Amino acid sequence: MRLNLISKLALATGLVLLCTMALFAYLNLRSLKGLLLQEAISEADRITETIIRTTHNQMLRDDRPLFYKTIEEIGNQQGVERIRLINKTGRIIFSTDDSETGTVLGKHSEVCAVCHGGPELLLTASSKNRSRRFYGKSGAEFLGITNAIYNEESCYTASCHFHPENFKVLGVLDVVVPLDRMHSLLDAYRSRMLLLTLLLITLTSLSLTYFTQKLVNRPVRELLEHTQMLARGELDGLVHSFAHDELGELADSFNTMTVNLKKARQELEGWGRDLELMVQQRTQEITRMQAQLIRSEKLASLGELVAGIAHEINNPLTGILVFASLIQSNPKLDPVLKNDIETVLRETKRCAGIVKGLLEFARCAPPQKSPCSLNEISDAALELVRHQTLFQDVTIARNYSGRIPQLLLDPNQIEQVLVNMLVNAGHALRGEGMVMVVTGIDPAQRMAFIKISDNGCGIPEANLDRIFDPFFTTKSNKGTGLGLSVSYGIIQEHGGHIEVQSQEGSGTTFTILFPIPEADATAPSPADPAPAELPAGPASG
């Protein structure tokens, strides 16, 4: 059977309210029962005190007939079930129930156990400890309370009779009262609580039904109709605004969703018309990615090849260099041949440099990463190159970001890459111009970057795809063509990549991007410092 929302809310609220009221009634009944029981104990204790005080003079005179008569009259009052007088040996010397008079009670009976039940005899006890509850033969519950009759000074000095002074207790007065009044009050209170619970559940269910119908069911029904319209593809209708509450916000969200769906449909229709253009763009991107993969595979294969060649060439080159140096230092060398020997030495050293570059390219040693500052590595690279003759009339400017966290880098390898980039920029400037070094964070790629820009001759567009290929160079005999290839491999080992933008005749910008550690990706950082220009020196402008 399917229940609607109103029935579910009414049923759930009724069950919660019923459990709450039942717990509340149980705790109240328990508390009320304790209070009524304490009141019954106090009332019974007052009766025993009244009897002891009323009959005190009668006991001093040993007027037993009047004493028994007084007890009997009090015992016949309403609210008193039975009164017994028990001496210190446990014998009942008088009881309003004639059948008990003369009987002897043991120390473990309910009356005597109050004082004799423990390891030591108690001479005093609280009213609660002196009371007991029990059921009679008829099933009615009774409350019994005992009160000791102490041997006061007036008792053991009286002339009519004598009790030794060392007797502390002369006897016990036991009063039994019925608890039917307490049970009547509890039953009446229980009935009132039951009626109140039913009344509250009824009123709450009716109120919930009314307000749910008005505040929930009607808006939900309208939202359901609007959802069915959306399922049919009708995106022109809107939900009427409700009150300023959660359902009103839900209606506004439905309207916003409808507008967005309509806009998305229009965009999809537009994308369908432009699908061919988008496919062409994606194809070009995939082609570039494939070219990059081919380049990486080519570099890896070439690295293995040149490693073997470099090792084979390195040994004869070393021999040539050693013997050429010995010949040059020989005083018997003909001066005419000195220039030739210097040419042999120079070209041999150049070959050795090429072999060294080949080995570095082939090995591409794994980086020894540690937390480093990109700005500090850049400063170290600039310090190495700015005093070279190549940068004598070149202005080097910096614009560092202070928001870059510590990056996991090999400072030596990154410094080698930056020096290589800066030297290439110096060659492109051909003696004068400006080199700009910028660091920062790319929020789109969530990576740190360093840009090295120059306003030199630029790179022809036809060469842009080949600049990272081994042995490709435009410097004639000034380079080996391995610098950018080695730099490309180092940056890839660090998990980054290199981007290049160049326009022939206007300049070139190399951008190196490094991943930011996850722990620092969202950490706040200080503000960026202002751009700065390196101080002028003997080799900087």
Side-chain angles (χ1 to χ4, degrees), residues 371-388 390-391 393-430 432-459 464 467-468 483-484 487-488 490-492 494-517 520-521 523-537 539-541:
C372 301
S373 169
L374 185 59
N375 295 341
E376 293 178 1
I377 296 175
S378 176
D379 283 338
L382 289 172
E383 190 64 25
L384 287 175
V385 302
R386 74 185 187 92
H387 295 293
Q388 296 183 15
L390 184 65
F391 291 88
D393 296 321
V394 174
T395 301
I396 301 177
R398 299 173 302 173
N399 186 4
Y400 291 166
S401 171
R403 298 181 299 167
I404 303 178
Q406 295 283 312
L407 305 178
L408 291 177
L409 306 173
D410 184 329
N412 295 325
Q413 290 189 358
I414 301 303
E415 184 177 327
Q416 174 187 348
V417 172
L418 297 182
V419 168
N420 190 13
M421 298 287 183
L422 291 168
V423 170
N424 287 344
H427 287 148
L429 291 174
R430 297 172 181 173
E432 62 177 345
M434 181 175 181
V435 174
M436 185 72 178
V437 181
V438 180
T439 64
I441 294 178
D442 186 346
Q445 303 185 56
R446 302 177 67 85
M447 300 181 78
F449 67 83
I450 179 169
K451 291 184 179 181
I452 300 176
S453 305
D454 64 73
N455 56 354
C457 61
I459 303 173
L464 280 178
I467 59 175
F468 295 110
L484 288 179
S487 300
Y488 186 87
I490 290 174
I491 298 304
Q492 278 199 325
H494 283 77
H497 58 274
I498 304 177
E499 298 176 356
V500 58
Q501 295 176 342
S502 182
Q503 186 173 359
E504 192 171 3
S506 298
T508 304
T509 298
F510 281 91
T511 304
I512 306 174
L513 294 105
F514 298 100
I516 299 176
D520 299 321
S525 305
D528 292 345
E533 184 175 322
L534 288 179
S540 67

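As the structure is a computational prediction, the values presented were derived from the model and not from experiment.
Closest non-hydrogen pair, Gly440 versus Ile404, comes out as N-CD1, 3.4 Å. Residues Asp442 and Phe449 share a closest heavy-atom pair of N-CD2, 3.7 Å. When all heavy atoms of Arg386 and Phe391 are compared, the pair lying nearest together is O-CB, 4.1 Å. Looking at every heavy atom in both residues, Leu429 comes nearest to Gly456 through CD2-N, 3.6 Å. Taking both residues in full, the closest heavy atoms of Ile491 and Leu513 are given as CG2-O, 4.4 Å, listed atom of the first, atom of the second, then distance. Nearest approach of Asp454 to Ala428, heavy atoms of both residues: OD1-CB, 4.1 Å.
In this structure Glu432 satisfies the side-chain contact (heavy atoms from CB on, under 4.5 Å) test together with Asp393, sequence neighbours excluded. Leu390 meets the side-chain contact (heavy atoms from CB on, under 4.5 Å) test with Val423, His427; sequence neighbours excluded. Considering only residues two or more places apart in sequence or on other chains, Thr509 meets the side-chain hydrogen bond (donor to acceptor under 3.5 Å, both in side chains) condition with Ser453.
More than 12 heavy atoms of other residues, nucleotides or ligands shown are found within 6.0 angstrom of CD on Glu499. The environment of Gln445 atom CD is dense: over 12 non-hydrogen atoms of other residues, nucleotides or ligands sit within 6.0 angstrom.
Considering only heavy atoms from C-beta on, Arg398 comes within 4.5 Å of Asp379 through its side chain. Between Gln406 and Ser373 the shortest side-chain heavy-atom distance falls below 4.5 Å. Contact of the Asp410 side chain with the His494 side chain is registered, since non-hydrogen atoms from C-beta on lie closer than 4.5 Å.
Distance check, rounded to the nearest 0.5 Å: CD1 of Ile512 to CG of Leu418 gives 5.5 Å. For the atom pair CG of Leu382 and CD of Glu415, the computed distance is 10.0 Å after rounding to the nearest 0.5 Å. Taking CE from Met436 and CD1 from Ile452, the interatomic distance works out to 12.0 Å, rounded to the nearest 0.5 Å. One distance of note links CG of Leu422 with CG of Leu384; it measures 9.5 Å at 0.5 Å rounding. For the atom pair SG of Cys372 and CD1 of Ile414, the computed distance is 9.0 Å after rounding to the nearest 0.5 Å. In this structure, OG on Ser401 lies 11.5 Å from CD1 on Ile450, to the nearest 0.5 angstrom.
For Thr511 (side chain) and Lys451 (main-chain N/O), no donor-acceptor pair under 3.5 Å exists by modelled atom type. Of the possible polar contacts, one joining the Asn455 side chain to the Met434 backbone as a donor-acceptor pair under 3.5 Å is found.
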